[in-house]
Amino acid sequence: MAISSAICSSFKQELLQGKHDFDSSGGDTFKIALYQSDANLGAATTDYSTSEEITNTAGSAYTAGGAALTNSGVSLSSTTAFTDFSDVSYTSASFTANGALIYNTTTDGGSSTTDAVAVIAFGSDKTATNGTFTIQFPTADASNAIIRLA
């Protein structure tokens, strides 16, 4: 099993069907869940799953399902549209994660959905021991944003 960074194929189809709203004021709610190295995540991932999701071994830094993301909205620079999210930090964290899944909890105006958007592979296990675990998103621009359409 492995975690491979990818924009999920199902997301690409759902995007063209108008099911995802990235507007920063009133758009859908996106979350990021963290996974162990045994997870099988990549382009074929269609939904959030608890299988191989990390558990918090001390304190209450991580909750199943992950953290809500703050979306920066949608921008256009020349011929590239993009969206990004604010960084996420888990304080007093004691866990190890190998990757993450961004997913939409309100696809197409519904609620309690789990539609996969993107998988982020960390490249190796990342560990926090009673410290701060931060997921730092790239600069929100046409060359670096986490989600770009060129």
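Values reported hereafter were calculated over all heavy atoms of this structure, with side chains retained and with hydrogens, waters and symmetry mates removed.
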- Item | Modelled atom types, side-chain donor and acceptor of Thr46 and Ser10, under 3.5 Å | no
- Message: Would you say that Pro138 contacts Asp84 through its side chain, given a criterion of any heavy-atom pair below 4.5 Å between the two side chains?
- Response: yes
- Note on the structure: Taken to the nearest 0.5 Å, the spacing of Ile146 CD1 from Ile102 CD1 works out to 5.0 Å
- Just how far is it from atom CD1 of Ile135 to atom OG of Ser86, taken to the nearest 0.5 Å? 12.5 Å
- Task: Show the numbers, then the answer: is there a side chain to side chain contact (heavy atoms under 4.5 Å, CB included) between Val74 and Asp23?
- Result: CA-CA 6 Å; Val74 177; Asp23 187 12; 6.0 Å; no
- Item | Distance (rounded to the nearest 0.5 Å) between Tyr35 OH and Ser49 OG | 5.5 Å
- Message: Ignoring hydrogens and geometry beyond distance, is a side-chain donor-acceptor pair present between Asn104 and Asp115 at under 3.5 Å?
- Response: no
- Note on the structure: All heavy atoms of Asp87 vs all of Phe137, minimum pair found to be OD1-N, 2.8 Å
- All heavy atoms of Asn98 vs all of Gln36, minimum pair found to be CB-C, 3.9 Å
- Any side-chain heavy-atom pair from Asp28 and Thr105 closer than 4.5 angstrom? no
- Taken to the nearest 0.5 Å, the spacing of Asp125 CG from Ser37 OG works out to 4.5 Å
- Query: Less than 4.5 Å apart, any side-chain heavy atom of Leu69 and any of Val88?
  - Reply: yes
- Report yes if some heavy atom in the side chain of Ile54 is under 4.5 Å from a heavy atom in the side chain of Tyr62; otherwise report no. yes
- Phe30/Tyr103 aromatic ring centres below 6.0 Å: no
- Please tell me if the side chains of Phe122 and Leu34 come closer than 4.5 Å, counting only heavy atoms from C-beta onward. yes
- Query: Under 3.5 Å, is there a donor-acceptor pair between the Ser89 and Thr134 side chains?
  - Reply: yes
- Note on the structure: Looking only at heavy atoms, the pair that brings Phe82 and Arg148 closest together is CB-CG, 4.0 Å
- Lys126 and Ser124: side chain donor to acceptor below 3.5 Å: yes
- Do Thr114 and Asp47 have a side chain donor and acceptor closer than 3.5 Å? yes
- When rounded to the nearest 0.5 angstrom, what distance separates OG1 in Thr113 from NE2 in His20? 8.0 Å
- Of the options Val117, Ile120, Thr45, Ile32, which is the one that meets Leu101 in a side chain to side chain contact (heavy atoms under 4.5 Å, CB included)? Thr45
- So which heavy atom on Ala6 is nearest to which on Ala43, and how close? CB-N, 3.6 Å
- Item | Ser77 side chain to Asp141 side chain, donor-acceptor N/O pair below 3.5 angstrom | no
- Side-chain touch Ile7/Lys12, heavy atoms, less than 4.5 angstrom: yes
- Closest heavy-atom pair and its distance - Ser5, Ala121: OG-N, 2.8 Å
- Message: Could you check whether any side-chain heavy atom of Phe95 comes within less than 4.5 Å of a side-chain heavy atom of Tyr90, counting everything from C-beta outward?
- Response: yes
- Any donor and acceptor pair, going by atom type alone, linking the side chain of Ser94 with main-chain N or O of Asn130 inside 3.5 Å? yes
- Residues Ala116 and Phe11: closest non-hydrogen pair is O-CB, 3.4 Å
